[in-house]
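Below: one structure, written as structure tokens.
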Amino acid sequence: MNYKESRLYIEHAQKYGSVLGLNNMETMMERLGNPQDELQFIHVAGTNGKGSVLAYVSTVLKEAGYQVGRYVSPTLFSYLERIEINGEPVSEEIFAAQMTKVASVVASMVKDGLAHPTPFEIETAVAFLCFKELKCQIVALETGMGGLLDATNLITTTQIAVLTSISMDHMGFLGSTLAEIARNKAGIIKPGCHVVTTRQKPEAMTVVQGTARRFKVPVHVADKEDARVEESSCFGQKFLYEDEEYEISMAGVYQIENAVIALKVLEVLKDLGYEISKDAVHKGMKETVWGGRFSILDKSPVFVIDGAHNPDAAMKLEASIQEYFAGKTIYYIMGMFKDKDYDRVAQITAPYAKEILTVATPKNERALPAEELAKTVRKYNSHVTSMQSLQDAVEVAYKKAKPEDVIIAFGSLSFLGEISELVKKRQKTEEK
């Protein structure tokens, strides 16, 4: 099949939903020859920060001369961003070729009376085949949901299991307490690997350390308190960590925590024998970009997009607003999924805005209707308007905001890519 047919195949597979468990995935990968067994992995789980940590680590490893694969979801601008080689999406031709192999195996499984793999399982299988085909020396791999029963967790060659901040999210799938959620995410820890974790809340930290002890593997704690911020603005940051000064281009106060986790991962990789120069670390950290994580799209007014889609991420957005925009007039464009704790997100963020425009992600079954979100937000800020479209929201926000004001679009990553394109299109029109 070609690329268009491959995408249609994945869309058709959406009807099979999402299933936690590894039996189907193991069967599919075995019939594909277990390509994942020939790869080395940095496996990342956590509630927030996974994509940023993978971005830092993979960019530095690319600078160090390695062929690096990266697998993430969801994506912001294009579907193929979820499978990248050295920062570039895999080609349509290679993707389609590997999808053809997977589709053949799926057909054989269904013929044998087995369950049809889910879209995420299929995409993960395609990613493993792509990384093997392109001879990746190391793969930065993000879990889809949780860890223990996630489709990515059939890997056995984990070099480092990384745990970013763990908080309450996906409670219907992962557990109703922080300990239960941490136990699920710590399921990526394997015998023979190293564990790198941020300093978690005590309840989660106990679970992570207990899991590591059970497998007799070392734990390396990346503590953001060990970093001292020297310069910070919405356009980038400098900080001191272990007597070295680092510069990162990504804003958001939470990026210091993500950067420190990445630096600890790189330190462990060097101990494992990977050749990573100091220059590669500094250059890679500075050049890392990761769209949708407190990303600045415009300067007058300042236009920010941020994937604050759960309470923990909302608190981090709140901290960034306090750090960078104290005393500023702020307008929101806010869109959420209906299976998220949008009430708590609104409670945390709404008080900082002069006016809030609510939106719904187009053509997405999980999207919370704009008016329903507006009703919730009104409990915390009465200046709320539900918008008919993303384009209307962008135009209204620009009309209301003065050059010195701030617009922040946040919530589900699923609509931020389109928001970005609308802002870019508007900028090009104004330049003419």
Side-chain angles (χ1 to χ4, degrees), residues 11 14 18 48 73-77 169-172 291-298 301-318 320-321 325 328-402 405-427:
E11 288 177 20
Q14 294 289 344
S18 177
N48 294 304
S73 64
T75 55
L76 202 60
F77 298 110
D169 197 18
H170 295 298
M171 284 81 79
R293 282 70 177 180
F294 211 85
S295 302
I296 309 297
L297 303 183
D298 205 348
V302 171
F303 197 119
V304 180
I305 56 172
D306 188 79
H309 62 284
N310 56 41
D312 185 61
M315 285 188 284
K316 290 173 177 176
L317 174 59
E318 177 189 34
S320 295
I321 290 170
F325 304 134
K328 292 278 190 179
T329 298
I330 302 172
Y331 296 88
Y332 288 165
I333 299 174
M334 183 179 179
M336 296 288 296
F337 280 165
K338 55 191 173 187
D339 57 356
K340 296 293 183 179
D341 189 356
Y342 53 87
D343 186 291
R344 178 65 179 138
V345 171
Q347 183 182 22
I348 293 165
T349 58
Y352 296 92
K354 180 179 181 181
E355 188 168 342
I356 300 170
L357 309 174
T358 61
V359 297
T361 304
K363 301 176 184 177
N364 193 309
E365 292 181 356
R366 292 174 64 195
L368 182 70
E371 182 52 42
E372 191 173 336
L373 177 57
K375 288 178 183 177
T376 298
V377 174
R378 284 191 189 102
K379 293 192 292 183
Y380 311 106
N381 187 323
S382 61
H383 304 287
V384 185
T385 306
S386 62
M387 305 304 297
Q388 294 297 312
S389 70
L390 300 185
Q391 183 167 349
D392 287 348
V394 170
E395 291 304 320
V396 169
Y398 267 106
K399 186 176 181 180
K400 290 177 177 292
K402 297 175 182 177
D405 293 342
V406 178
I407 302 168
I408 304 176
F410 71 94
S412 167
L413 285 169
S414 63
F415 81 94
L416 297 183
E418 189 171 338
I419 289 282
S420 300
E421 293 303 320
L422 288 168
V423 172
K424 288 177 186 175
K425 184 178 179 181
R426 192 179 188 281
Q427 289 168 332

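One is the number of the first residue; the rest follow in order along the sequence. Note that the coordinates shown come from a computational prediction; the quantities given were computed from them, not determined experimentally.
- Around the CD atom of Glu365, the shell of radius 6.0 Å holds no more than 12 heavy atoms that belong to other residues, nucleotides or ligands.
- Between Phe410 and Tyr332, the two ring planes are perpendicular [angle over 60°; tilted spans 30° to 60°].
- Inter-residue side-chain proximity for Val384 and Lys375 is flagged as unmet; no heavy-atom pair is nearer than 4.5 Å.
- Residues satisfying the ring pair (Phe, Tyr, Trp, His ring centres under 6.0 Å) test with Phe415, not counting sequence neighbours, are none.
- In this structure, Asp306 and Lys316 have side chains that are not in contact, with every pair of non-hydrogen atoms separated by 4.5 Å or more.
- A search for ring pair (Phe, Tyr, Trp, His ring centres under 6.0 Å) contacts involving Tyr331 returns nothing, not counting sequence neighbours.
- Between Lys340 and Arg366 the shortest side-chain heavy-atom distance falls below 4.5 Å.
- Residue pairs satisfying the ring-ring contact (aromatic ring centres under 6.0 Å, His included) criterion with at least one member in residues 378-399, sequence neighbours excluded, are listed as follows: Phe303-Tyr398.
- Side-chain contact between Glu395 and Arg426 is present, with at least one heavy-atom pair separated by less than 4.5 Å.
- Among residues two or more places apart in sequence or in another chain, the side chain to side chain contact (heavy atoms under 4.5 Å, CB included) test is passed with Lys425 by none.
- In this view, Lys399 satisfies the side chain to side chain contact (heavy atoms under 4.5 Å, CB included) rule with no residue, not counting sequence neighbours.
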Decide yes or no on side chain to side chain contact (heavy atoms under 4.5 Å, CB included) for His309 and Leu413, but give the supporting numbers first. CA-CA 8 Å; His309 62 284; Leu413 285 169; 5.5 Å; no
Can you list, pair by pair, the side-chain donor-acceptor contacts under 3.5 Å of residues 349-358, counting residues two or more places apart and other chains?
unit_1	atom_1	unit_2	atom_2	d
Thr349	OG1	Val345	O	2.8
Tyr352	OH	Glu318	OE2	2.7
Tyr352	OH	Gln322	NE2	2.7
Glu355	OE1	Lys400	NZ	3.3
Glu355	OE2	Lys400	NZ	3.4
Thr358	OG1	Ala370	O	2.8

